[in-house]
Amino acid sequence: LADRYQLRVTVAHYPSGASKWNPIEHRLFSEISKNWAGRPLDTYETILRYAQSTTTTSGLRVDAYLDSKDYRTGVKISDDAMREVAITPHSTLPQWNYTISPN
């Protein structure tokens, strides 16, 4: 992605158990949860309908779609290929935060 579009991609993971500090979870998922209000989420269509119809007076609007593509699992990246990726770890939590630059 970084090479194809000549982008610098910064990745900042929230460590396991730290979701209470994730602003996306607080801003987005809480509004979606209020919208579906405990009704059963029994189909993908139901889930999408509730997500897509979530809005707030402050301007939140949710775009959601079902990605039904099959993704291969167990794909192994060689050590040589990994060495070619331009990864710069951040000084704060470098195992969680890094930037990938185009080559």
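Count residues from 1 along the sequence.
- One finds the CG atom of L41 at 7.5 Å from the OH atom of Y50 (value rounded to the nearest 0.5 Å).
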Start with the C-alpha distance between D80 and M82, add both sets of side-chain angles, then the distance that settles side-chain contact (heavy atoms from CB on, under 4.5 Å), and finish with yes or no.
CA-CA 5 Å; D80 289 338; M82 280 303 295; over 6 Å; no
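- Residue L60 is not grouped with residue Y65 when hydrophobic side chains (ILVMFWY) are merged at heavy-atom distances under 4.5 angstrom, including chains of intermediate members.
- L7 and V85 fall within the same hydrophobic cluster, where Ile, Leu, Val, Met, Phe, Trp and Tyr residues are linked whenever their side-chain heavy atoms come under 4.5 Å apart, directly or through other members.
- In this structure R61 satisfies the salt bridge (charged side-chain N to carboxylate O under 4.0 Å, His left out) test together with D63, sequence neighbours excluded.
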Report the C-alpha distance between E45 and L48 in whole Å, list the side-chain angles of each, state the deciding distance to 0.1 Å, and finish with yes or no for side-chain contact (heavy atoms from CB on, under 4.5 Å).
CA-CA 5 Å; E45 291 76 21; L48 284 172; 5.8 Å; no
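- To the nearest 0.5 Å, the span separating OG on S58 from CD on E31 amounts to 7.0 Å.
- Side-chain N or O atoms of D3 include one that pairs as donor or acceptor with a backbone N or O of N103 at under 3.5 Å.
- K69 approaches D67 most closely through the heavy-atom pair N-OD1, 3.1 Å.
- Enclosure of atom CZ in R39 by more than 12 non-hydrogen atoms of other residues, nucleotides or ligands within 6.0 angstrom is indicated.
- A distance of 13.0 Å separates CD1 of I77 from CZ of R83, quoted to the nearest 0.5 Å.
- Applying the side chain to side chain contact (heavy atoms under 4.5 Å, CB included) test between N35 and each of T55, T56, T54, V62 identifies T54 as the sole match.
- A 4.5 Å side-chain heavy-atom check between N97 and V11 finds every atom pair outside the cut-off.
- When every heavy atom of A2 is checked against every heavy atom of P102, the shortest pair comes out as O-CB, 3.3 Å.
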Decide side-chain contact (heavy atoms from CB on, under 4.5 Å) for H13 and Y98; before the verdict, give the C-alpha distance in whole Å, the side-chain angles of both, and the deciding distance to 0.1 Å.
CA-CA 9 Å; H13 293 282; Y98 49 89; 3.5 Å; yes
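- For T10, the side-chain hydrogen bond (donor to acceptor under 3.5 Å, both in side chains) partners at least two apart in sequence or on another chain are T99.
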Run the side-chain hydrogen bond (donor to acceptor under 3.5 Å, both in side chains) test on S30 and S33 for me, step by step, so that the C-alpha distance in whole Å, both residues' side-chain angles and the decisive distance to 0.1 Å come before the verdict.
CA-CA 5 Å; S30 65; S33 296; over 6 Å; no
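- When hydrophobic clusters are built by joining Ile, Leu, Val, Met, Phe, Trp and Tyr residues whose side-chain heavy atoms come closer than 4.5 Å, directly or via intermediates, I100 is not grouped with W96.
- Under the salt bridge (charged side-chain N to carboxylate O under 4.0 Å, His left out) criterion, D42 pairs with no residue at all, not counting sequence neighbours.
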